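What follows is a short report on a single structure.
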Amino acid sequence: MTIPVATCTDLGDSVAAIADRLTDPAVIGASDDGRTHPQSLAGGAAGIALLHLERAVSGYGDEALAHRWIRAAAAGPVSTGPAANLFAGAPALALLLHNTATTLGGYQRAAAVLEEQTTILTRHRLSAALTRLDTDAPLTMREFDLIHGLTGLGVYHLRRHPDAPITRDILSYLVRLTAEREEPYGRPPWWLAEGLSGILDARFPRGHGNLGVAHGMSAATALLALAVLTGQHPPGAIDALSRLCAWFDQHRQSDDIIGASWWPAYVTDDPAPPTPHRPSWCYGTAGTARAQQLAGLALDDAVRCRRAEAAMVTAMRDPHQQTLLPEPGLCHGKGGLLQAAWRTATSSSSPDLASQLTTAIPQLADILAQQLRMAPPKSPELMDGAAGTALALNTAYTGAALTTWDAFLLLA
């Protein structure tokens with residue numbers, strides 16, 4: 001489905017202005033947490049390179065500038081250790097170079113080296129995860145999640161080589177992780193003893209079940225769904241996807257305030273009813289509804305698709321929900337909702353809901369562009385700063401995401 005470009009006449013100028021601010025890799029400062037290391041998608045050169053790559057491929061940017069940022073992302077030793085993941089180190093750089101090689105060309109030798117390194121570290125992570133499953137030890141967030149764990153590594157492998165043994169092994173791990181088995185207190189097998197930060201937390205004395213994309217089961221749902229849609233899924237994948245969907249259905253909410261389905265960011269043993277979360281990508285409707293739509297497409301479940309699309313429409317049109325997203329970025333802000341809504345609209349088979357989304361997308365893009373003109377993001381980074389916001393606006397402006405840059409968000 002073709003999505004109309006945003007109506008704001010200077011939206012393209014707004015995107016170009018951000019790109020012009022991000023010409024020199026020196027704009028990235030140093031930090032102690034590794035967020036701005038060159039190979040970081042979240043805050044480093046790798047993430048900003050995605051903006052310039054998409055701009056170059058779409059004909060609105062400078063190919064030489066894209067290469068400049070790619071070289072900056074590859075500068076220095078590449079992390080392949082325990083901290084490497086889809087958002088940092090060899091896997092992040094491997095995903096960037098795969099996108100580059102398939103769009104602009106080149107980088108094949110470097111991409112092959114990074115692929116080998118990423119496969120080795122994935123094998124190590126899989127081995128540890130399977131040992132944990134064999135011993136029935138508690139699941140940790142960093143084992144499976146999108147940001148740090150095997151689901152994130154699965155994103156790279158499914159895009160790079162969907163029919164490879166390593167890809168099938170990651171998907172088989174998710175099947176086993178979600179296998180139906182008796183659990184204490186009726187909790188699902190993906191229940192975490194930790195809090196939302198991935199460590200033991202007194203606020204979560206009995207742990208939690210995480211529904212988000214960044215650190216929870218929406219990511220596993222989306223990855224399994226994408227594998228099914230590509231025809232590259234192991235035995236049990238459809239059953240695993242169905243079990244996950246049943247859990248999301250169990251916790252799906254609807255009330256007069258929201259006017260459509262919504263899902264909590266997480267659930268606990270607390271009997272108190274959950275409250276709606278902001279409609280962000282990381283933990284809210286933007287990410288969860290897109291994952292549910294993908295699951296509906298994979299399972300040929302039209303009701304699930306329609307419910308997810310209606311939830312996205314409400315998130316886009318409800319003024320109350322808009323006030324919950326004061327930030328512009330991809331992770332916590334309007335940029336993530338805008339990109340997720342665009343992807344949802346392009347996959348919709350419901351003419352009425354697709355029409356509502358295609359009307360709301362240009363409107364939100366205009367609001368976001370106006371916000372950027374009044375208060376440009378101080379941070380240049382991809383996840384919470386200028387680069388990611390510009391990418392979402394570029395999608396709205398051009399009506400395309402030619403490099404599929406949003407794959408790392410599991411939106412595509």
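As the structure is a prediction and not an experimental result, all values here were calculated from the model.
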Taking the six-membered ring for Trp, are W69 and H52 parallel (under 30°), tilted (30 to 60°) or perpendicular (over 60°)? parallel
In the structure I gave you, are the side-chain heavy atoms of T288 and F248 within less than 4.5 Å of one another anywhere? yes
Does E180 have any side chain to side chain donor-acceptor pair (under 3.5 Å) partners at least two apart in sequence or in another chain, and if so, which? none
The residue among R160, R159, H161 that forms side-chain hydrogen bond (donor to acceptor under 3.5 Å, both in side chains) with H157 is H161
Spacing of T118 atom OG1 and I166 atom CD1 [to the nearest 0.5 Å]: 10.0 Å
Got a second to check how far K334's NZ is from L337's CG, nearest 0.5 Å? 9.5 Å
Side-chain donor-acceptor pair under 3.5 Å between Q356 and R317, yes or no? yes
Ring centres under 6.0 Å, that's the criterion: do F408 and Y156 meet it? no
Donor-acceptor pair, distance only, cut-off 3.5 Å: does the side chain of S280 make one with the backbone of G333? no
Do any side-chain atoms of residues 385-392 form donor-acceptor pairs under 3.5 angstrom with protein atoms, and if so which ones, sequence neighbours left out?
from	atom 1	to	atom 2	distance (Å)
T389	OG1	P328	O	3.2
T389	OG1	G385	O	2.9

Side chains of L409 and M383: does their closest heavy-atom pair fall under 4.5 Å? yes
Test of ring centre spacing under 6.0 Å for Y107 and H67: yes
Between T268 and D270, does any side-chain donor sit less than 3.5 Å from a side-chain acceptor? no
Answer yes or no: is there a donor N or O on one side and an acceptor on the other, between the side chain of E54 and the main chain of T403, under 3.5 Å? yes
Quiz: residues 227-234 side-chain donor-acceptor pairs under 3.5 angstrom, not counting sequence neighbours:
from	atom 1	to	atom 2	distance (Å)
T230	OG1	L226	O	3.2
T230	OG1	A227	O	2.9

Where is the tightest heavy-atom contact between T167 and P162, given as atom of each residue plus distance? CG2-O, 3.7 Å
Using a 3.5 Å distance criterion without hydrogens, assess whether the side chain of R290 forms a donor-acceptor pair with backbone atoms of A340. no
Report the C-alpha separation of F144 and Y173 in whole Å, then their side-chain angles, then the decisive distance to 0.1 Å, and conclude whether the ring pair (Phe, Tyr, Trp, His ring centres under 6.0 Å) test is met. CA-CA 9 Å; F144 80 93; Y173 155 77; 8.1 Å; no
Determine the minimum heavy-atom distance between H208 and G195, stating which atoms define it. CE1-O, 3.4 Å
Derivation of the side-chain hydrogen bond (donor to acceptor under 3.5 Å, both in side chains) call for E309 and S348: CA-CA 7 Å; E309 292 160 19; S348 176; 2.9 Å; yes
